[in-house]
K.L.:
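Please see the structure below; I have some questions.
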Amino acid sequence: MASVPRADDDPFVVHRRLLFTVAYELLGSAGDAEDVLQESWLRWAAVDHSQVRDPRAYLVRVVTRQSLNHVRTVARRREEYVGQWLPEPLLTAPDVADDAALAESLSVAMLTVLQTLRPAERVVFVLHDVFDVPYDEIAETLERTPAAVRQVAHRAREHVAARRPRVRTLRVEHEQVVARLVTALNTGDLDGLLAVLAPDVVSVTDSGGKVHGAAKQPVVGALRLARYLLGGVKRAGGAVRGVPTWVNGQPGVRMELAGQLVAVVAVTVVDGRVTQVHSIANPDKLGRHVEETDVSR
């Protein structure tokens with residue numbers, strides 16, 4: 001039986017933030033990622049650690065394979081999901097934004113794009129382009145040749161590039177735009193909202209069918225979205241307020257009703273205006289916005 005290392009030098013503990021981040025980016029769900037980590041820990045505990053040359057690479061491989069095992073279950077759940085599905089949002093520390101590549105890969109907009117990839121494409125893109133895992137290690141994980149993995153990577157990059165913003169927004173600009181958005185929402189300023197929303201802005205809301213009045217289809221266009229947002233505030237008697245927060249490594253908004261969290265809003269900013277709004281209002285998905293989640297790459 002393998003010896004159990006002390007918690008402070010156990011490679012699983014040392015790399016836990018990385019392992020969670022890998023599983024979360026592959027699955028888009030913190031709950032599923034935690035399940036994967038539990039299963040991966042059981043496999044790690046049964047291994048003779050002295051025979052593992054590179055614990056980090058070994059653990060990433062185990063977590064990736066367990067995540068792939070979860071993909072079918074997750075896919076069946078989403079087929080039965082009511083309305084639009086969006087990733088489970090995380091409350092993250094502001095310093096996550098210091099690693100631009102990590103923050104971009106964690107963004108709700110990017111995670112939504114990643115979920116449109118085939119499982120193998122998602123694995124290759126996330127492991128290589130985000131976590132710098134060499135192709136030969138990914139090939140071993142997927143039981144494919146390195147050449148085949150490179151072809152998968154090419155397809156995945158083309159798919160992602162066609163669906164994500166091509167302009168990277170500076171953190172300070174993103175924060176300023178979010179501040180203007182929150183001010184306009186909280187003051188009922190229609191003109192202020194129109195000034196901060198791009199003309200062709202697209203808003204998607206995930207309520208899981210559990211929130212009355214939530215949009216069931218995407219809302220497109222600045223005027224339509226501004227009226228929809230202000231209409232929601234008005235219906236709540238003005239008790240709804242936006243509060244700046246950090247969502248998946250980027251500035252975002254907490255929507256509170258009488259001080260209680262009712263939605264988490266992630267925004268994509270391009271050229272000083274909001275081009276995408278992802279609102280997660282399903283109460284089952286808001287638990288991770290109470291305490292900061294540790295992420296790493």
Side-chain angles (χ1 to χ4, degrees), residues 20-21 23-38 67 70-71 73-93 96 106-115 178 181-182 185-186 202-219 225 227-268 274 276-295:
F20 171 84
T21 309
Y24 173 72
E25 292 204 12
L26 291 175
L27 298 171
S29 163
D32 289 324
E34 292 290 1
D35 289 344
V36 163
L37 259 62
Q38 179 65 29
S67 296
H70 270 253
V71 165
T73 301
V74 169
R76 284 195 297 270
R77 261 200 332 256
R78 289 178 193 167
E79 288 174 359
E80 301 169 355
Y81 198 78
V82 178
Q84 303 283 328
W85 180 92
L86 292 175
E88 183 179 355
L90 306 179
L91 174 62
T92 53
V96 172
L106 276 172
S107 70
V108 172
M110 175 61 85
L111 290 175
T112 303
V113 172
L114 291 179
Q115 294 301 310
V178 167
L181 175 66
V182 167
L185 275 173
N186 291 344
V202 178
S203 174
V204 177
T205 298
D206 175 348
S207 68
K210 299 181 179 182
V211 180
H212 178 70
K216 296 178 180 179
Q217 298 296 327
V219 178
L225 179 56
R227 287 174 172 168
Y228 167 74
L229 293 173
L230 295 181
V233 173
K234 185 176 181 180
R235 285 192 299 274
V240 173
R241 294 192 64 79
V243 180
T245 188
W246 283 86
V247 184
N248 289 52
Q250 296 186 338
V253 185
R254 286 172 56 96
M255 297 304 298
E256 299 181 354
L257 174 60
Q260 297 298 310
L261 176 65
V262 293
V264 173
V265 181
V267 298
T268 302
V274 175
Q276 291 180 314
V277 177
H278 292 96
S279 303
I280 301 93
N282 184 341
D284 295 338
K285 293 186 176 184
L286 301 180
R288 282 277 176 168
H289 228 262
V290 177
E291 296 182 358
E292 289 180 358
T293 300
D294 290 330
V295 292

K.L.:
If the test is side-chain contact (heavy atoms from CB on, under 4.5 Å), which one of L181, V108, V253, T205 qualifies with V265?
P.N.:
V253

K.L.:
Of all the heavy-atom pairs spanning A23 and L37, show the shortest one and how long it is.
P.N.:
CB-CD1, 4.3 Å

K.L.:
List the atom pairs, with distances to 0.1 Å, where a side-chain N or O of residues 240-248 and a protein N or O form a donor-acceptor pair under 3.5 Å, not counting sequence neighbours.
P.N.:
from: N248; atom 1: OD1; to: L90; atom 2: N; distance (Å): 2.7
from: N248; atom 1: ND2; to: Y24; atom 2: OH; distance (Å): 2.8
from: N248; atom 1: ND2; to: L106; atom 2: O; distance (Å): 2.9

K.L.:
Roughly how far apart are Q115 CD and E25 CD, rounded to 0.5 Å?
P.N.:
10.5 Å

K.L.:
Please give me the minimum heavy-atom distance between V96 and G249, naming the atom from each residue.
P.N.:
CG1-CA, 3.8 Å

K.L.:
Would you please test L91 and E291 for side chain to side chain contact (heavy atoms under 4.5 Å, CB included) and show each step?
P.N.:
CA-CA 6 Å; L91 174 62; E291 296 182 358; 5.7 Å; no

K.L.:
Which heavy atom in V36 sits nearest to a heavy atom in S67, and how many Å separate them?
P.N.:
CG1-OG, 3.7 Å

K.L.:
To the nearest 0.5 Å, what is the distance between CD (Q84) and OG1 (T112)?
P.N.:
10.0 Å

K.L.:
Donor-acceptor check, side chain of Y228 to backbone of S203, threshold 3.5 angstrom: yes or no?
P.N.:
no

K.L.:
Which value, rounded to the nearest 0.5 Å, describes the distance between L185 atom CG and L230 atom CG?
P.N.:
6.5 Å

K.L.:
Measure across G252 and V178 and return the closest heavy-atom pair with its distance rounded to 0.1 Å.
P.N.:
O-CG1, 3.5 Å

K.L.:
Could you tabulate the donor-acceptor pairs under 3.5 Å formed by side-chain atoms of residues 276-283, not counting sequence neighbours?
P.N.:
from: Q276; atom 1: OE1; to: T268; atom 2: OG1; distance (Å): 3.0
from: N282; atom 1: OD1; to: D284; atom 2: N; distance (Å): 2.9
from: N282; atom 1: ND2; to: Y81; atom 2: OH; distance (Å): 2.8

K.L.:
Quick one: list whatever passes side-chain contact (heavy atoms from CB on, under 4.5 Å) with E88, sequence neighbours left out.
P.N.:
S29, A30, K285, R288

